[in-house]
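Order of appearance sets the numbers: ligands from 1, and atoms from 1 within every ligand.
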Amino acid sequence: MDLPLRHNPDDCTACAICTVHCPVAGATLKFRGPRLTGPAYERFRLLGFGDDAALEYCSNCKNCDIACPSGVPVAAFTMLARAARSGKRKPPLGEYLTGYSGTLGELARFFPAFFLNFVLKNPLSRAVLDSMGLDRRAPLPSFAPLAQRRRLTKKRPGRHARQAVLFPGCFVRFYEPRVGLDLVRLLEKARYDVLVPKEFVCCGLPLVTAGLYGAALARARVNGRELARWADRGLPVITPCPSCALTLQQEYRDLFPEEEDLSRHGPVVSEACAFIRALIDDGELSLAGGRPPRELLAYHAPCHLRAMGGGRLAPDILSAVPGLRLKDTDAGCCGIAGSYGLKKGKYEIGMTIGADLFSALKGSGAGLALSECGTCRVQMTHGSGLPAAHPLSVLSACLP
Ligand code: SF4
Ligand code: SF4
């Protein structure tokens, strides 16, 4: 399929700050870093040269975008170049498995969770998945019971004068619906009726990262139509997943620049902690009188949340709960970057990247790790042994 006009590589001043901040470039010599792989080699790609296998090592974590002082969408260069490469040579099977994780999660509703979790996690299945490109040592999330999944998406009776729309994201829908239910509880406490439309599909980010651009665009168009529907009604669309928020708010603009309709409704999307913070600031949600957890909490800010300009909202909100003790680890990327750290040849890189965070978590004395990103939570538990939760779950449990 045709790819959009690329971004202008001449916007890059070659300062190399992005390379200093790239976790993958710091963990392996196989990756040449964002400046070379992104804008510098783009000039050759525009002339029709280059089929750069090093492109496959970018995790799409966005730390280059965060660091770039010139506002270059560095990761988008790499993702679009990877998509062009995938058009010429088919990605490995593991990329299809992770790219279509949303579709696989939809199909999973036909089977009981305990059955799926057994089938996917026994050593024989892990050996088969390993041969398909998913490293047998990598942590796989467990499917949630079907009843919990249905409870999240069920229609709720209207009780309040205003409404909000929940975009749970694939991780919450399939693996941790209780995070979505915790967000529903917080929003209902602030007197919102919460709608969970069935029409939304996977945001498309796993497909983008897998190089499956056409499939990602198809999903973006479906979500774009849904965002337009809710924007026309003046309703906020709230997601507890930072990667979904980033994709719906900003990535559609950078990855599908010719689809103007897709970027028009990005502003209607809110990351959940930002929305909750605004409710607290406006006096519409109070945590006074709540019961804080007794253990120390250790927080990790996901890269995609920082890429949206957020990052420390959850600690700010939680520190307002009297008696709650929280330590911000501030130890960089966890290394999983969605599904990157699950793949063969990338698992070790992901674990090397996450080593500082794992040490910080182990040395924190905390009993519970916190992060807004579902796959970060999986990786944090894998690397440190600490259980992990979404900050919204702690907030919800604190409610008076
Ligand atoms: S997205 Fe992450 S891994 Fe990829 S080039 Fe940027 S900083 Fe490096
Ligand atoms: S930080 Fe931005 S301007 Fe500097 S080398 Fe990287 S892409 Fe170019």
Discussion item. Could you enumerate the protein N, O or S atoms under 2.8 Å from atom 4 (Fe) of ligand 1, written like residue then atom name?
Written reply: C58 SG

Worksheet, complete the sentence: heavy-atom search around atom 6 (Fe) of ligand 2 in the protein gives C18 SG, 2.3 Å

Fill in: Closest approach of any protein heavy atom to atom 3 (S) of ligand 2, naming residue and atom
T13 N, 3.3 Å

Worksheet item: Heavy-atom distance under 4.5 Å between the side chains of L195 and L235, does that happen here?
Response: yes

Worksheet entry | Stepwise side chain to side chain donor-acceptor pair (under 3.5 Å) test for K344 and S131 | CA-CA 9 Å; K344 274 187 95 165; S131 71; over 6 Å; no

Worksheet item: To which protein heavy atom is atom 5 (S) of ligand 2 closest, and what is the distance rounded to 0.1 Å?
Response: A16 N, 3.1 Å

Item to complete: Assess the pair Y192 and F275: is the distance between their ring centroids shorter than 6.0 Å?
Response: yes

Discussion item. What protein heavy atom lies closest to atom 8 (Fe) of ligand 2? Include the residue and the distance to one decimal.
Written reply: C12 SG, 2.3 Å

Item to complete: Classify the side-chain pair N122/S125 by whether it contains a donor and acceptor separated by less than 3.5 Å.
Response: yes

Response to the item:
Nearest non-hydrogen protein atom to atom 2 (Fe) of ligand 2, with distance, is C68 SG, 2.3 Å

Worksheet item: For ligand 2, which atoms sit closer than 4.0 Å to a heavy atom of P69?
Response: 1 (S)

Item to complete: Give a yes or no on whether C15 keeps an N, O or S atom under 2.8 Å from atom 4 (Fe) of ligand 2.
Response: yes

Fill in: Over-ring placement of K327 relative to Y299, 6.0 Å and 45° cut-offs
no

Item to complete: Tell me, please: is A67 in heavy-atom contact with ligand 2, that is, under 4.0 Å?
Response: no

Worksheet entry | Polar contact flag, side-chain donor to acceptor under 3.5 angstrom, S396-K189 | no

Worksheet entry | No-hydrogen, no-angle side-chain donor-acceptor test under 3.5 Å, D11 and S70 | no

Discussion item. Can you tell me if G71 contacts ligand 2 (heavy atom of the residue under 4.0 Å from the ligand)?
Written reply: no

Worksheet item: Will you find, in the side chains of R306 and N63, an N or O donor that is under 3.5 Å from an N or O acceptor?
Response: yes

Fill in: Given S371, P139, S384, the one that forms side-chain contact (heavy atoms from CB on, under 4.5 Å) with Q379
P139

Fill in: E56/K346 ion pair, N-O < 4.0 Å
no

